[in-house]
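Computed from a predicted structure; not experimentally measured. In what follows, chains carry the letters A, B, and so on, assigned in the order in which the sequence lines appear, proteins first and then strands, with residues in each chain numbered from 1.
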Protein chains: 2
Amino acid sequence: MDDVEVMAGMFRLMGDPTRLRILLACLDAPQSVGAIAAATGASQSLVSHHLRLLRAARLVAGTREARQVFYVAADDHVRDVLRNLMHHAAEERRST
Amino acid sequence: MDDVEVMAGMFRLMGDPTRLRILLACLDAPQSVGAIAAATGASQSLVSHHLRLLRAARLVAGTREARQVFYVAADDHVRDVLRNLMHHAAEERRST
DNA sequence: CCAACATATGAACAGATGTTCATGCTATTC
DNA sequence: GAATAGCATGAACATCTGTTCATATGTTGG
């Protein structure tokens, strides 16, 4: 798999609204699965499914703490990409 | 449509390998549809279909010049996002 | 105007993707 | 150690998406 496909894979993961909300929910601080489900309004099962994909692509990292598992955005690249396109989206809204 | 869905829409567009190659092909300088097709190895028809989506989302801008139409990445946000995740992908490869 | 060239569009199809429902697994508390 | 809380997993399904093939649209040169 070449770089382009790796990149595309990451973008595709961020390209689903539910998954994007999950990512944004744990952008700044680790959040438990339950908290993410509550924050995003998605079912626990769905959140878990998505987290698995995000974890497999190393976009988030999860650590177990007693019964709960806390997930957080993997690194600064991910955070930067999200913040960057957030600005772009904001500008799009303003100009249309 | 809220910001998250706008963002997700853009990410989804970048999340297809063919479309990502098209975007990368016209990242730095405007390229004709034919040139993009040649550079990416995709058919003219397919490239045109994808360019329509990218144009609709304002990720690229196209200007007609005689018989050809030249497309280029819309702005610096788009370029930054792509370059940023390229670095991320490169690091991923190195560390696995 | 006609022929050619470059790009755009439409229909149709196979394969991928997000979601739900039900169930399994791990860790804790009593 | 049974019961419960929190999370993960599997199957199944409807929908969406990328691609191809054929054809239309627009543009330039003779």
Grab the [atom1]-[atom2] distance between [X] and [N] for me, whole Å please.
X: A/Gln68; N: C/dC25; atom1: CD; atom2: P; result: 22 Å
X: B/Glu65; N: C/dT7; atom1: CD; atom2: P; result: 11 Å
X: B/Ile36; N: C/dA6; atom1: CD1; atom2: P; result: 15 Å
X: A/Leu20; N: C/dG18; atom1: CG; atom2: P; result: 13 Å
X: B/Leu53; N: C/dA8; atom1: CG; atom2: P; result: 12 Å
X: A/Asp16; N: C/dA16; atom1: CG; atom2: P; result: 18 Å
X: A/Arg67; N: C/dA27; atom1: CZ; atom2: P; result: 12 Å
X: A/Leu51; N: C/dT19; atom1: CG; atom2: P; result: 13 Å

Quiz item: Checking only heavy atoms, does the side chain of B/Gln44 share a donor-acceptor pair with the base of C/dA6 at less than 3.5 Å?
Solution: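 No, no donor-acceptor pair under 3.5 Å.
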
May I ask you to evaluate whether [X] reaches the phosphate of [N], defined as a side-chain N or O under 4.0 Å from OP1 or OP2?
X: A/Arg19; N: C/dG18; result: yes
X: A/Thr18; N: C/dT19; result: yes
X: B/Arg52; N: C/dT9; result: yes

Self-check item: Most 5' of A/Ser43 and A/Arg12 on DNA chain C, judged by nearest nucleotide
Solution: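 Checking each residue's closest nucleotide, the 5'-ward one belongs to A/Arg12.
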
Quiz item: Could you give the distance from CE (B/Met10) to CE (B/Met14), rounded to the nearest 0.5 Å?
Solution: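 So the CE of B/Met10 and the CE of B/Met14 are separated by 7.0 Å.
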
Touch check for [X], heavy atoms < 4.0 angstrom, all strands: base, sugar-phosphate only, or nothing?
X: A/Tyr71; answer: sugar-phosphate
X: A/His50; answer: sugar-phosphate
X: B/Ser32; answer: sugar-phosphate

Quiz item: When you list every nucleotide of DNA chain D with an atom under 4.0 Å from a heavy atom of chain A, which one comes first 5' to 3', and which comes last?
Solution: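 Counting from the 5' end, contacts occupy D/dT4 to D/dG10.
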
Quiz item: Does the aromatic ring of A/His49 sit over the six-membered base ring of C/dT19, closer than 5.5 Å centre to centre and tilted less than 30°?
Solution: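 No, the aromatic ring of A/His49 does not stack with the base.
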
Quiz item: Under 30°, 30 to 60°, or over 60°: which ring-plane class applies to A/His77 and B/His88, parallel, tilted or perpendicular?
Solution: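 Ring orientation of A/His77 relative to B/His88: perpendicular.
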
Quiz item: Same hydrophobic cluster for A/Tyr71 and A/Leu27, using side-chain heavy-atom links shorter than 4.5 Å among ILVMFWY?
Solution: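 Yes, A/Tyr71 and A/Leu27 fall within the same hydrophobic cluster.
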
Quiz item: Would you find a donor on one side and an acceptor on the other, under 3.5 Å apart, between the side chain of A/Arg19 and the backbone of A/Arg12?
Solution: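 It does hold such a pair.
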
